[in-house]
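Worksheet: the structure to be examined is printed underneath.
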Amino acid sequence: MKLLNSEKLPRHLAIIMDGNGRWARSRMLRRIVGHRQGVETVRTIVEECSTIGVSYLTLFAFSAENWLRPKAEVTALMSLLKKYIELEVPRMMNNNIRFNVIGNRSDLPPHINKAVDEAIRITSGNTGMVLTLALSYGSRQEIAAAARRLAGDVAAGRISEDEIDERLFSGYLFTAEMPDPDLLIRTSGEMRISNFLLWQLAYTELYFVDINWPEFGVRELHQALADYQARERRFGRTSDQLQAGS
Ligand code: FPP
């Protein structure tokens, strides 16, 4: 932690965990072995973020588009997810972590939803870091669903058209209860957002790192955080205005 200023950590860190398949392929291993190794990285990063004082950690674990992968890989990923959620609950309790899921829950198999509900219930009283897994998540789908619900509320007279602004709209998203991410990390060298938190990332600092997720460790996390801390977040203002505190 020597490099880091604990006062300037991102309050909300979002991560696109990419490169499990490439990590495995480069070792002549099956893709699922890469995902398994990826789970180990998840454990390490969750624990470290909670220890250093990140308030919200959101991990892109399974996208709405990932259903198109070969059936065997989807099944294996679902079973890894279930195992992770069940095994981690005691550790979440020890670390005061509150578990949360965003995404289209109705697409998930019942056994996953059961494990998710259970973990959410058991950890609901925890007051430390909020760990959110994005499962069957797609940002455009999220925005379209929010627009649909909002339109329903307008049609029913619960909300008037004039009341619609950014804040109100945000309240219809899965992330209604969370601040926007301050920092997004994507591993594996790809420089894309891939339909992740499109609305919420409007002012987020982006960090792309050329290392596959199974090899991303505490040192790499600290490097990303140090890089973030060296940036000036202007939110459309000038540097001079920021320095003058306006
Ligand atoms: C990207 O690697 C990773 C995923 C699609 C899934 C991420 C899943 C895990 C890290 C494991 C399960 C997660 C949890 C939270 C227990 P890729 O397969 O797209 O890699 P590639 O681009 O190199 O093929």
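Whatever order the structure lists ligands and atoms in, that order sets their numbers, starting from 1.
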Quiz item: Side chain, backbone, both or neither: which part of Phe62 comes within less than 4.0 Å of ligand 1 when only heavy atoms are counted?
Solution: neither

Quiz item: What are the atoms of ligand 1, with element, lying closer than 4.0 Å to any heavy atom of Asn66?
Solution: 5 (C)

Quiz item: Got a donor-acceptor contact below 3.5 angstrom from the His12 side chain to the Pro179 backbone?
Solution: yes

Quiz prompt | ring pair (Phe, Tyr, Trp, His ring centres under 6.0 Å) contacts in which one or both residues fall within residues 71-96, not counting sequence neighbours | solution = none

Exercise. Kindly confirm or rule out an N or O of Gly21 lying under 3.5 angstrom from an N or O of ligand 1.
Key: yes

Practice problem: Look at atom 7 (C) of ligand 1 and say which protein heavy atom is nearest, naming residue and atom and giving the distance to 0.1 Å. | Solution: Ala61 O, 3.5 Å

Self-check item: Numbered atoms of ligand 1 (with element) below 4.0 Å of His35, judged on heavy atoms
Solution: 11 (C), 18 (O)

Quiz prompt | Test of proximity, Tyr84 against ligand 1: N or O pairs below 3.5 Å | solution = no

Quiz prompt | Side chains of Trp199 and Ser139, donor plus acceptor under 3.5 Å | solution = no

Quiz item: Distance only, no hydrogens: is a donor on one side chain within 3.5 Å (strictly under) of an acceptor on the other, for Glu65 and Asn195?
Solution: yes

Quiz prompt | Hydrophobic cluster (4.5 angstrom, side-chain heavy atoms) - remaining members for Tyr203 | solution = Phe235

Self-check item: Which of the ligand 1 atoms, numbered from 1, are nearer than 4.0 Å to a heavy atom of Arg31
Solution: 17 (P), 18 (O), 24 (O)

Quiz item: Without hydrogens or angle criteria, can the side chains of Ser136 and Trp67 be said to hold a donor-acceptor pair below 3.5 Å?
Solution: yes

Quiz item: At a 4.0 Å threshold, what atoms of ligand 1 neighbour a non-hydrogen atom of Asp18?
Solution: 1 (C), 2 (O), 17 (P), 19 (O), 20 (O), 22 (O)

Quiz item: Counting both backbone and side chain atoms, is some N or O of Trp23 under 3.5 Å from an N or O of ligand 1?
Solution: no

Self-check item: Under-4.0 Å salt bridge between Arg231 and Asp182
Solution: no

Quiz prompt | Mode of Arg25 contact toward ligand 1 - side chain, backbone, both, neither (heavy atoms, under 4.0 Å) | solution = neither

Self-check item: Nearest protein heavy atom with distance in Å, relative to atom 12 (C) of ligand 1
Solution: Val39 CG2, 3.8 Å

Quiz item: Does a donor on one side chain and an acceptor on the other come within less than 3.5 Å for Asp180 and Thr204?
Solution: no

Quiz item: Which residue from Leu81, Val74, Asn20 reaches closest to atom 2 (O) of ligand 1 through any of its heavy atoms?
Solution: Asn20

Practice problem: Go through ligand 1 atom by atom and flag the ones less than 4.0 Å from a non-hydrogen atom of Arg22. | Solution: 21 (P), 22 (O), 23 (O)

Quiz item: Does Ser188 have a heavy atom less than 4.0 Å from any atom of ligand 1?
Solution: no

Quiz item: Can Lys8 and Glu205 be counted as an ion pair, charged N to O under 4.0 angstrom?
Solution: no

Exercise. Considering heavy atoms of the protein only, find what lies nearest to atom 1 (C) of ligand 1 and give residue, atom and distance to 0.1 Å.
Key: Met17 O, 3.1 Å

Self-check item: Residue portion contacting ligand 1 (non-hydrogen atoms closer than 4.0 Å) for Glu88
Solution: neither

Quiz item: How does Thr41 reach ligand 1, if at all, at less than 4.0 Å between non-hydrogen atoms: by side chain, backbone, both, or neither?
Solution: neither

Quiz item: Which protein heavy atom lies closest to atom 15 (C) of ligand 1, and at what distance to 0.1 Å?
Solution: Leu133 CD2, 3.8 Å

Exercise. Could you label the plane-to-plane angle of the Phe60 and Phe196 rings as parallel, tilted or perpendicular, counting under 30° as parallel and over 60° as perpendicular?
Key: parallel

Practice problem: Could you list which atoms of ligand 1 come closer than 4.0 Å to a heavy atom of Trp213? | Solution: 10 (C)

Exercise. Could you tell me whether ligand 1 has any atom less than 4.0 Å away from a heavy atom of Arg69?
Key: yes

Exercise. Check whether any side-chain heavy atom of Ile143 sits under 4.5 Å from a side-chain heavy atom of Phe169, and report yes or no.
Key: yes

Quiz item: Is a side-chain donor or acceptor of Glu86 paired with a backbone partner of Ala115 at a separation under 3.5 angstrom?
Solution: no

